[in-house]
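Heavy atoms only: backbone and side chains are in, while hydrogens, waters and symmetry mates are out.
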Amino acid sequence: MKILIRATNWVGDAIMALPALRAVRARFPEARIAIVARPYVADLYRGQKICDELISYDPKGAHKGLSGRERLAQEFRARKFDVALLLQNAFDAAWLAWRAGIPERVGYARDGRSLLLTKKIAVPKRGEIPSHEQFYYLELLRRAGWINSLPPESFIKLDVSEEHRRQAEATLSSAGARANTTRIAIGAGASYGSAKCWPPERFADFVNRFRLHTDADVILFGTATEQKVSDAIAAGIKGPSIGLVGKTAIADLPALLSRCQLFVGNDSGAMHVGAAVGLPVVAIFGPTDPHGTAPITPRCTVVQEKPYCSPCFLRRCPIDHRCMTSVRPETVEAAARGWLRSAEVASG
């Protein structure tokens, strides 16, 4: 049997979908499984032993426009997939599977695509399944008859090879990171929107408070679009910081974060990657709900102040951003020091 799985588009969603992908692999160990995903998601999935093949889908490049999608659909048709499992909700995912002539097309019946599905799965109603997003993908499998129950996960893991760890260590060293020194990874961006972002001056204040007690290397991660935020943080930090914003690809992020000792940041894809490679995480939440999207790890402290308007799930705050500005640097610093003290006790 040949199975084509359409992966989710966001990095955080891609991590939270890993239990479902591993469940498919376990359910069909002899099947030929291909995952089609945006290039940055495909890069995250390499080496995770969840499929036999990764197919990059680039709607802004090689598969741009109707002609690009048609070309990709014809490639799928030529490969004669038996089943398409659509973890992504969009109409586009169902259209590609339908246009490719894949006989069985399984997905949630939403976004106007029901007529394109052969197995239309009802979207879970509020309260029918646990609130965390990992269960949304697992429930699709359960309702499709591929698994019997929703396996609870206490840790979603991304495997990082020793070769990639060595390469990451070399990258960090050349950027100025010291050996045998605590490294704090800062993820100050969020591709979803500015409402999820703690103010840069608060990040800088946290770092300055933290360094009163621990001589740590501070490493700023993010995409090129987050350069201004990174610059503002670096300007407020007393002492040096290491800026890798815009200098590394998402494919490099798991290995780079695995060489750090702590992640502090917003509700973002980088937060989920940090947790998945085993870092303690201090996750700053504002307009979103940690019950739905907190990283799946026992080593996480969620810091959140909840005014009446939170969670609103807006990309940009229309008022005064009080859910984030009310989070105090000393609260984040106390959580960060707590995790490092735990690590010292465990090692010592």
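A side-chain donor from one of D267 and T288 sits under 3.5 Å from a side-chain acceptor of the other. Of the N and O atoms on the side chains of Q88 and R6, at least one donor lies less than 3.5 Å from an acceptor on the other residue.
Ring geometry, F210 versus F206: the interplanar angle falls from 30° to 60°, so the pair is classed tilted. By the 30° and 60° cut-offs, the orientation of the rings of Y57 relative to H63 is tilted.
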Which pairs of donor and acceptor atoms, one on a side chain in residues 25-34, lie under 3.5 Å apart (sequence neighbours left out)?
from	atom 1	to	atom 2	distance (Å)
R25	NH1	D52	OD2	3.1
R25	NH2	F28	O	3.1
R25	NH2	P29	O	3.3
R25	NH2	A31	O	2.8
R27	NE	W146	O	3.3

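With L4 as the partner, the side chain to side chain contact (heavy atoms under 4.5 Å, CB included) test is satisfied by one option alone out of I55, I35, L96, L86: I55. When R165, E163, H164 are each tested for a side-chain hydrogen bond (donor to acceptor under 3.5 Å, both in side chains) with S161, only one passes: H164.
No side-chain donor-acceptor contact under 3.5 Å links E169 to the backbone of A179. R105 places no side-chain N or O within 3.5 Å of a backbone atom of A94 that could act as its donor or acceptor partner. In terms of modelled atom types and a separation under 3.5 Å, the side chain of H321 and the main chain of W198 share no donor-acceptor contact.
Taking the six-membered ring for Trp, F221 and F263 have ring centres at least 6.0 Å apart.
The pair R69-D92 counts as a salt bridge, with a side-chain nitrogen and a carboxylate oxygen less than 4.0 angstrom apart.
No more than 12 heavy atoms of other residues, nucleotides or ligands lie within 6.0 Å of NZ in K157, so this atom counts as exposed by the packing criterion. Within 6.0 Å of the NZ atom in K306, the count of heavy atoms belonging to other residues, nucleotides or ligands exceeds 12.
Rounding to the nearest 0.5 Å gives a distance of 10.5 Å between CD1 of I102 and CZ of R79. C312 contributes atom SG, which lies 11.5 Å from atom CG of D289 (distance to the nearest 0.5 angstrom).
Annotation: side-chain contact (heavy atoms from CB on, under 4.5 Å) contacts of T297 (sequence neighbours excluded): F155, A275, P295, R299, C300.
You'll find the side chain of Q74 reaches within 4.5 Å of the side chain of R99, heavy atoms only. Put simply, the side chain of V83 reaches to within 4.5 Å of the side chain of M1, judged on heavy atoms.
Following chains of ILVMFWY side-chain contacts shorter than 4.5 Å, one cannot reach L340 starting from L257, and the two form parts of different hydrophobic clusters. There is no path of hydrophobic side-chain contacts, each under 4.5 Å, that joins W10 to L87.
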